[in-house]
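Written below as structure tokens is the structure these notes are about.
All ligand and atom numbering here is 1-based and tracks the order in the structure. Atom set for the values below is all heavy atoms of this structure, side chains included, hydrogens, waters and symmetry mates excluded.
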Amino acid sequence: MFDINKIREDFPILNRKIYGKPLVYLDNGATVQKPRCVVDKIEELYYTCNANIHRGVHTLSQEATELTEQARKKVQAFINAKHSHEIIFTKGTTESINLVASSFCRRFCKEGDEIIVSAMEHHANIVPWQIEGDISGVKLKVIPINEKGELILEEFEKLISPKTRLVSVTHVSNVLGTINPIEKIIDIAHRHGIPVLIDAAQSVQHIPVDVQQLDCDFLAFSSHKIYGPTGVGVLYGKEEFLNRMPPYQGGGEMIGHVSFKGTTYNELPFKFEAGTPNYIDVIALGTALDYVLSVGLEQIKEHEDYLLHYCTSKLQEIDGIRFFGTSLNKSSVISFLVGNIHHYDMGMMLDKMGIAVRTGHHCAQPLMEELGIEGTVRASFAVYNTKEEVDIFVDGVNRIVGMFK
Ligand code: PMP
């Protein structure tokens, strides 16, 4: 059974006071708090099992290597990848997408080729392609959105041309909360023989993701948004693509043999993991995934959906409130503005009440431009949030609106 009090006990930071008020943490879209088991695991590893992996013959190094590979298998199982060598550890979603942009474009793209993204992408799924545009000459095409903040699929199909090389879209928007119909997008793209990258930074912590069922070609996510440590990310890539793509960075375990005459590269996944990997945090990501599975993703989604709908209905009563992202198929993110109140003012005043929300453009400036605004106030929920916290938050927003009247 889902016992919210027991879950909250797993997160000691929730006992903090901010300006003398109990912390109400609603900035989960940016990063989530960590359960005790993850922090304990990091401490335990540094105190008992810290040694650089892969290159050591000694016991500690072998133990750390073994645990790292076990973590890879946990990630493989979590997203149901076919092979564990299709899981590449990076430092986050951003690095995962940069890796694909750099390596995929070098291997498969030429001047004038096209990459399709959507109007609701995070900068991490826009800028790497623009950087590559300066090198290989690829160009971006953009799937538009409707007034609810949903992708317009008919327009998507029209964007596909003989020059399209990849479709790279977010599963869930970090601003609008929209859950995109990625099954349909993948299906349409594949019918034209085009591979698809899914930015799952905002989805894997809320929705079960099965990469074989989806048949996506790449998928990226960050550990820190799924109750794991910062500094670790995952890139899933189908073996057939990863094997054909050149390395992204050089050094460390990614080599086969190095000589000044020329260097050969290691096999997957090591070909893409240059330098000392962040093995401690990789192993702790495995612990975080165990935690999520022990609570149950379905249970987490049900709880967060309840908070989303309860909070939305309470906020709707506020005069002059505007929501950004009103799709029926939505994850637990609420972006809004009230009247002329600046989002920064709202955020700063909520902070004085102990309530943490995010304000600004949320690293989605093209989306802000499309919406004709500079930024929003964004509340986003995680497994440990409560109905009482929603009440405190809505009460806080109401008080601020009152002060501005
Ligand atoms: N994509 C989306 C949809 C995101 O929400 C984020 C994080 N806000 C990122 C990419 C980038 O993730 P990270 O900063 O962990 O690399």
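Side-chain polar atoms of Thr376 and His362 form a donor-acceptor pair below 3.5 angstrom. Side-chain N/O atoms of Glu267 and His85 include no donor and acceptor closer than 3.5 Å.
Taking every heavy atom of Ser222 and a limit of under 4.0 angstrom, the matching atoms of ligand 1 come to 12 (O), 13 (P), 15 (O), 16 (O). For ligand 1, the atoms closer than 4.0 angstrom to any heavy atom of Thr94 are 11 (C), 12 (O), 13 (P), 14 (O), 16 (O). Close approach of ligand 1 to Thr170 (heavy-atom distance below 4.0 Å) involves ligand atoms 3 (C). Atoms of ligand 1 found under 4.0 Å from any heavy atom of Gln202, numbered from 1 in the order shown, are 3 (C), 4 (C), 5 (O). Each of the atoms 5 (O) of ligand 1 lies under 4.0 Å from some heavy atom of Asn174.
Here Thr93 has heavy atoms under 4.0 Å from ligand 1 in both its backbone and its side chain. For Lys91, no heavy-atom contact with ligand 1 is shorter than 4.0 Å.
A salt bridge is defined here as a Lys NZ or Arg NE, NH1 or NH2 lying under 4.0 Å from an Asp or Glu carboxylate O, and Lys158 with Glu155 meets this definition.
With ring centers used as reference points, His206 lies 6.0 Å or more from His303. Close placement of the Tyr384 and Phe11 rings is indicated, their centers lying within 6.0 Å of each other.
Closest non-hydrogen pair, Ser327 versus Glu150, comes out as OG-OE2, 2.9 Å.
Note: an N/O pair closer than 3.5 Å links Lys225 and ligand 1 by distance alone. Considering backbone and side-chain atoms together, His224 places an N or O closer than 3.5 Å to an N or O of ligand 1.
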